[in-house]
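Input: a single structure, listed below in structure tokens.
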Amino acid sequence: MKKKTTKKKKENCELCFAKRLKELMKDAGHTQYRLAKEAKVNYDGLTGILKGERYPSFGTLVKIYRHFPEVSLYWLVLGEGPKNNLDGK
């Protein structure tokens with residue numbers, strides 16, 4: 001008799017980041033095109049990030065963070081702590 005195993009789908013870091021970024025975009029009413037244009041990030045690169053296929057480069061991460069200054073960088077990168085930046089920095 002074969003033992004039935006269940007595989008849990010593990011979320012990779014890229015996918016977790018993508019979910020947080022999509023949440024920010026939704027809250028701000030931003031489309032992918034608008035975020036790419038206003039934050040001055042590459043549209044195709046942003047596509048890969050939002051699909052969870054890649055993690056943003058340091059430069060892209062900084063541009064995204066500067067576009068959403070009210071958001072905690074710790075939350076954006078790691079998904080930990082409060083979402084909003086309490087001290088405004």
Side-chain angles (χ1 to χ4, degrees):
M1 180 181 228
K2 287 186 179 181
K3 197 177 205 180
K4 189 176 182 179
T5 58
T6 56
K7 291 183 181 179
K8 288 186 178 180
K9 226 180 183 182
K10 284 179 104 178
E11 288 188 318
N12 59 29
C13 188
E14 293 86 355
L15 190 55
C16 295
F17 181 85
K19 283 184 176 184
R20 290 189 295 277
L21 182 55
K22 287 176 187 177
E23 181 180 328
L24 290 179
M25 290 170 62
K26 182 180 178 184
D27 291 350
H30 283 24
T31 62
Q32 181 179 338
Y33 175 79
R34 181 176 173 189
L35 178 60
K37 185 175 180 177
E38 291 182 6
K40 296 181 174 87
V41 297
N42 180 279
Y43 182 85
D44 293 331
L46 186 56
T47 298
I49 293 167
L50 291 171
K51 286 183 176 180
E53 296 172 349
R54 56 178 292 207
Y55 197 75
S57 67
F58 180 75
T60 300
L61 181 61
V62 169
K63 289 177 182 180
I64 291 169
Y65 174 65
R66 285 187 175 159
H67 190 73
F68 298 107
E70 72 281 0
V71 174
S72 163
L73 182 59
Y74 196 71
W75 176 84
L76 180 61
V77 174
L78 301 173
E80 298 175 6
K83 178 180 173 181
N84 292 323
N85 194 356
L86 302 177
D87 61 8
K89 294 180 183 176

If every non-hydrogen atom of [X] is compared with every non-hydrogen atom of [Y], which pair is closest and at what distance?
{"X": "Ser72", "Y": "Pro82", "value": "CB-O, 3.3 Å"}
{"X": "Arg54", "Y": "Gly45", "value": "NH1-CA, 3.4 Å"}
{"X": "Phe68", "Y": "Leu35", "value": "CE1-CD1, 3.8 Å"}
{"X": "Asn42", "Y": "Asp44", "value": "OD1-N, 2.9 Å"}

Measuring from atom [atom1] of [X] to atom [atom2] of [Y], what distance do you get when rounded to the nearest 0.5 angstrom?
{"X": "Thr60", "Y": "Tyr55", "atom1": "OG1", "atom2": "OH", "answer": "11.5 Å"}
{"X": "Ile64", "Y": "Met25", "atom1": "CD1", "atom2": "CE", "answer": "9.0 Å"}
{"X": "Lys51", "Y": "Gln32", "atom1": "NZ", "atom2": "CD", "answer": "8.5 Å"}
{"X": "Trp75", "Y": "Asn84", "atom1": "CH2", "atom2": "CG", "answer": "8.5 Å"}
{"X": "Glu38", "Y": "Lys63", "atom1": "CD", "atom2": "NZ", "answer": "14.0 Å"}
{"X": "Leu73", "Y": "Leu61", "atom1": "CG", "atom2": "CG", "answer": "6.0 Å"}

ask   = Less than 4.5 Å apart, any side-chain heavy atom of Lys83 and any of Leu24?
value = yes
Path from Tyr74 to Leu21 over hydrophobic side-chain contacts below 4.5 Å = yes
ask   = When clusters are formed by joining ILVMFWY residues with side-chain heavy atoms under 4.5 Å apart, either directly or through shared neighbours, do Leu78 and Ile49 land in the same one?
value = yes
task = Would you confirm whether Arg20, through its side chain, and Val77, through its main-chain N or O, come within 3.5 Å as a donor-acceptor pair?
result = yes
